[in-house]
Structure formats: C-alpha cells, structure tokens
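Read the structure below first, then the notes.
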Amino acid sequence: MATIEHRDGVYRARIRVKRKGKIIHQESRTFEKKALAKGWAARRESELQDPRELERVQHRGISVKDVLTWYVDNMSHIRSTGRTKSADIKKLMKEDLADLDAIDLTSGQIIDHLIKRLKTVQPQTANNDLVWLRVAFKAARATKGWPVAVDAVEDAVIAAQ
C-alpha cells in the first residue's frame, strides 16, 4: 500500500512491494497536490500487480552492452566464440546501441543502428549485429531470466529482411 507524506509544501507518494515480509521494490514521486500523488500511487500499484511489470522495474538499468558482456563472459564455454564472432560483438559493444536499456529497447532503435552501420559496412556485416543481438538476448532471457526485449530484436530481424 502506498503512503503519502506532506513536507515543505509538496506531497511524496511512496510505494513498497513486499514478498514474504521483505521489500523487493520501492519507488516514490513528488507532487504539488495530494490528489495527484494519490492518483499516481493507485495507478502505479495497479501496474506493479502485473508480475511482468514488477520484473521489468527490478531489472531496469541492464544495458545492451551488459547483455553482450554477460554473453561473452558466460556463454563462450557452451559454444565456442570464434575470432570473428568475438570481434563483431566487441565492435557492437562500442556502438551507441550498446548504451541503450536492454529491457526497453525498441525495434526502431535497432533499425536506426543498422541504417547507421550500413553507411560504413556491407549489409552482411550489419546483419551480424542482428545475429549476435538475437543470440545474446535469447540466452540472457533463457538462462538469467532477464526480461530483455527479445521481441524487439525479432521484429528488427523481420524488418531488415
């Protein structure tokens, strides 16, 4: 349940989600009016009832680079990472796309990345970015349970064909 606090002329709405007596998520926002604070708290609590939304906010801040780094560090023992694959992934980690949030990533952002890449590389090379993103995102979702934007990558693959 949310709490609303009045201090220094503003209202702060605070939400805490507990499971088995332990706080697993908390957030707050400040408003000028009490009604706005109550409205936001009610909407946000309702949103957080969806387990997928709760999972998203708990994992927020995982970048595309984090996913790629995790993949290279942890999955290479399962399937050998060749020199070309390693080089392609390292190059991808230096692109602007790597700084974006892996959970909120959109197919449009991926397509924008590909368009930018196609100015300097052949289509086959740009396509490798899609291949490695797809593999790393699917592996992260399957083994780590990270709610990364696999659907966005899949949509970008379809759009790029």
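Just so you know, residue 1 is the first one in the sequence shown, and it goes up from there.
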Contact check, side chains of Leu36 and Tyr11, non-hydrogen atoms, under 4.5 Å: no
Nearest-0.5 Å distance that lies between atom OG in Ser63 and atom CG in Leu100: 9.0 Å
Pairs meeting criterion side chain to side chain donor-acceptor pair (under 3.5 Å) with involvement of residues 121-137, two or more places apart: Asp88-Asn128, Asp88-Trp132, His113-Asp129, Arg117-Asp129, Arg134-Glu154
Pairwise distance NZ(Lys90) to NZ(Lys85) - rounded to 0.5 angstrom: 13.0 Å
CA sep, side-chain torsions, deciding dist, call: Met93, Val72, side chain to side chain contact (heavy atoms under 4.5 Å, CB included): CA-CA 11 Å; Met93 284 187 220; Val72 169; 4.0 Å; yes
Side-chain heavy-atom pair Trp40, Ile15 within 4.5 angstrom cut-off: yes
Pairwise salt bridge (charged side-chain N to carboxylate O under 4.0 Å, His left out) hits with a residue in residues 23-40, at least two apart: Glu27-Arg44
Leu118 side chain near Pro123 side chain, heavy-atom distance below 4.5 Å: yes
Minimum side-chain heavy-atom gap Pro147-Ile103 below 4.5 Å: yes
Minimum heavy-atom distance Ala13-Ala41, with the two atoms named: CB-CB, 4.2 Å
Ile62 side chain reached by Val67 side chain, heavy atoms, under 4.5 Å: yes
Val135 reachable from Val148 in the ILVMFWY side-chain graph, under 4.5 Å edges: yes
Ile110: which of Asp155, Leu130, Val64, Ile115 passes side-chain contact (heavy atoms from CB on, under 4.5 Å): Leu130
Short side-chain donor-acceptor distance under 3.5 Å, Thr69 and Asp66: no
Gap between atom CG of Asp104 and atom CD of Gln109 - 0.5 Å precision: 8.5 Å
Distance-minimising heavy-atom pair for Val153 and Phe137: CG2-CD2, 3.8 Å
For Leu105 against Ala152, the heavy-atom pair lying closest together: O-CB, 3.3 Å
Val157 side chain near Leu133 side chain, heavy-atom distance below 4.5 Å: no
Under-4.0 Å salt bridge between Arg43 and Glu47: no
Value rounded to 0.5 Å, distance of CG in Leu114 from OG in Ser107: 10.5 Å
Atom pair CZ/NE2 of Arg19 and His25 - distance to nearest 0.5 Å: 11.0 Å
Spatial distance of atom NZ (Lys18) from atom CD1 (Ile23) [nearest 0.5 Å]: 5.5 Å
Heavy-atom check, side chain of Lys116 versus side chain of Asp96, under 4.5 Å: yes
Set of salt bridge (Lys or Arg N to Asp or Glu O under 4.0 Å) partners for Glu5, sequence neighbours left out: Arg12, Arg14
Pairwise side-chain contact, Trp70 with Thr143, heavy-atom cut-off 4.5 Å (strictly under): yes
